[in-house]
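All values derive from a computational prediction rather than experimental measurement. Along the sequence shown, residues are numbered consecutively beginning with 1. Whatever order the structure lists them in is the order used to number ligands and atoms, beginning at 1.
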Amino acid sequence: MGNHLFDLIRARIPAPDARFALIDDGRVFSYADMVAASGRYAGALVALGVKPGDRVAVQVEKSIEALMLYLGAVRAGAIFLPLNTAYTPAEIEYFLGDAEPAVFVCDPAKAQALRPYAEKAGAKLETLGVGTGSLIEKAAAAPADFADVARGADDLAAILYTSGTTGRSKGAMLSHDNLSSNALALVDYWRFGKEDVLLHALPIFHTHGLFVATNTVLFSGASMILLPKFDPDQVFKYLPQATCMMGVPTFYVRLLQDQRLTPAATKHMRLFVSGSAPLLAETHREWRERTGHAILERYGMTETNMSTSNPYAGDRVAGTVGFPLPGVSARVVDPETGKELARDEIGMIEVKGPNVFKGYWRNPEKTKAEFREDGFFITGDLGKIDPAGYVHIVGRGKDLIITGGYNVYPKEVETEIDDMPGVIESAVIGVPHPDFGEGVTAVVVAKSGADITAQGIAKALEQRLAKFKQPKQVFVVAELPRNTMGKVQKNLLRDTYKDIYAK
Ligand code: AMP
């Protein structure tokens with residue numbers, strides 16, 4: 001038995017001297033460099049005592065070294081466990097206690113603060129920063145030749161903790177085949193080839209930047225331009241050399257605010273992909289007007305990798321996330337009964353396929369609760385499938401508002417508000433209400449200089465929505481709270497407005 005994931009990557013290397021990555025400091029990594037560097041990291045991990053199935057937890061800034069550590073961990077037979085760089089020491093304590101990694105790699109600047117938690121969890125502490133760190137030194141001293149540790153398709157390659165906007169976040173266990181099957185599906189669906197150059201500006205602690213972006217490049221023998229973070233100046237500097245970009249909706253919104261976004265600047269591009277949060281139909285339309293490109297929106301989550309995508313050649317329909325990927329089944333069911341619903345009916349989205357994770361780390365009860373008996377995973381996202389087969393997401397199930405016994409889907413109200421002139425975007429939430437259980441509440445961001453008032457919005461909605469769907473209060477704010485992946489944090493909004501209907 002070989003190493004399932006890395007064997008597939010190795011088999012797709014176009015040529016040893018083919019480019020794998022251009023780094024913003026000017027360094028160029030060939031595919032041979034990628035194999036050598038990841039081999040050194042694998043060797044360094046094994047020398048530290050990492051055994052097959054051990055977790056290697058990592059909280060480091062984005063860098064080519066961090067990517068090589070990911071591949072090194074896979075080759076060493078370990079389970080790669082990336083952690084959001086924004087996590088505080090108290091949060092890290094929880095993750096280390098839960099995952100019990102053999103090794104914890106952190107930024108050199110954080111080593112002192114995090115050492116006690118690593119020790120408590122029984123993990124060896126190593127550091128990796130930009131150009132410096134104990135693990136960088138160990139890797140440099142390790143031989144480039146590494147005999148990959150045998151791992152099968154069902155062995156775990158990674159654990160990614162869910163963003164956990166409610167309750168403790170859970171570790172999603174992802175197998176070699178979960179990652180490789182999804183990479184192969186995406187390469188094919190999005191027509192990646194070795195001539196492609198991906199502009200990589202996403203974080204690499206999350207499924208989007210780590211797996212969707214990186215594995216699609218690796219599985220097609222393409223190359224990437226690795227930027228430490230999203231910065232419009234850097235994007236416009238490197239765009240002329242790229243053929244594709246993957247981003248969260250915020251990237252596209254920010255680039256649209258920039259005068260440098262022109263048809264000429266994007267003429268040579270083949271593909272813009274968006275995901276991780278809903279792309280406003282307005283952003284899709286504006287992008288098309290400004291650049292001539294229809295952004296390709298896809299849908300996935302930590303637990304499922306990518307599940308659906310708009311087509312490469314067919315209509316990329318704004319406000320939808322397209323069709324189930326080849327090999328993936330998706331259905332919409334009544335959340336209570338689990339019965340499949342007809343086209344256009346809103347319910348719980350469930351998916352099944354080789355993309356779907358193996359369960360939550362050390363949490364069999366939660367795993368059992370989230371799967372149906374026939375193997376479908378209950379995503380927690382509400383949506384529908386339209387008659388043409390396009391999947392639409394209307395929001396997380398937990399964001400559903402129940403007011404006076406009626407269900408209100410926030411997306412329906414948000415769409416009405418977003419269509420009003422002068423509105424950029426909105427978030428509709430339910431907050432405790434003494435008479436209705438929850439009161440529909442709208443938080444709206446206006447365009448600068450627009451004549452938008454809370455009363456004006458409330459009045460306009462009277463004509464458009466049934467009474468029970470109309471917000472009982474509307475707030476106009478400067479911006480909505482978002483996490484690093486561009487998701488609106490409705491839990492924070494619910495907290496901010498929790499007392500507004502209190503008697
Ligand atoms: P994460 O596990 O952090 O990747 O978050 C996954 C969640 O992000 C999904 O369950 C959806 O709620 C949301 N999401 C991802 N892609 C999209 C999309 N294209 N449109 C709407 N929501 C999305």
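When the heavy atoms of S276, G395, G380 are ranked by distance to atom 13 (C) of ligand 1, first place goes to S276.
Heavy-atom separations between H208 and ligand 1 are all 4.0 Å or longer. At least one heavy atom of V321 sits less than 4.0 Å from an atom of ligand 1.
Residues satisfying the salt bridge (charged side-chain N to carboxylate O under 4.0 Å, His left out) test with E345, not counting sequence neighbours, are none. Not counting sequence neighbours, the partners of I385 by the side-chain contact (heavy atoms from CB on, under 4.5 Å) test are V332, R343, V391.
Ranking the protein heavy atoms by distance from atom 6 (C) of ligand 1 puts M301 CB, 3.3 Å first. Considering only non-hydrogen protein atoms, atom 4 (O) of ligand 1 sits nearest to H206 NE2, 3.1 Å. Among protein heavy atoms, the minimum distance from atom 17 (C) of ligand 1 is reached at A277 N, 3.7 Å.
No salt bridge links R372 with D374; every basic N to acidic carboxylate O contact stays at or beyond 4.0 Å. A salt bridge between E286 and R290 is absent, with no side-chain N of the basic residue lying under 4.0 Å from a carboxylate O of the acidic one. A salt bridge links E416 with R464: the closest approach of a Lys/Arg side-chain nitrogen to an acidic carboxylate oxygen falls below 4.0 angstrom.
Close contacts between ligand 1 and R298 involve ligand atoms 16 (N), 18 (C), 19 (N) [criterion: under 4.0 Å to a heavy atom]. Those atoms of ligand 1 that come under 4.0 Å of a heavy atom in K487, given as number and element, are 1 (P), 3 (O), 4 (O), 5 (O), 6 (C), 7 (C), 8 (O). Close approach of ligand 1 to T302 (heavy-atom distance below 4.0 Å) involves ligand atoms 1 (P), 2 (O), 3 (O), 4 (O). Taking a cut-off of under 4.0 Å to the non-hydrogen atoms of R396, the atoms of ligand 1 that pass are 10 (O), 12 (O). Those atoms of ligand 1 that come under 4.0 Å of a heavy atom in E297, given as number and element, are 18 (C), 19 (N), 20 (N).
At a 4.0 Å heavy-atom cut-off, ligand 1 does not touch M485 at all. Contacts with ligand 1 closer than 4.0 Å are made by no heavy atom of S274, backbone or side chain.
When each of T308, N310, D381 is checked for a side-chain hydrogen bond (donor to acceptor under 3.5 Å, both in side chains) with Y299, only D381 meets the rule. Each of Y238, F236, F251 was compared with F230 under the ring pair (Phe, Tyr, Trp, His ring centres under 6.0 Å) criterion, and only F251 meets it.
A pairwise comparison of heavy atoms in I378 and A369 identifies CD1-O, 3.8 Å as the closest pair.
For ligand 1, the polar-atom distance check finds no N/O of T379 at less than 3.5 Å from any of the ligand's N/O atoms. Remark: ligand 1 and D381 share an N or O pair separated by less than 3.5 Å (distance only, no angle test). At a 3.5 angstrom cut-off on N or O pairs, Y299 does not count as close to ligand 1.
Relative ring orientation between H4 and H176 is described as perpendicular, the plane-to-plane angle rising above 60° on a 0-90° scale split at 30° and 60°.
Open room surrounds NZ on K368; 12 or fewer heavy atoms of other groups in view lie less than 6.0 Å from it.
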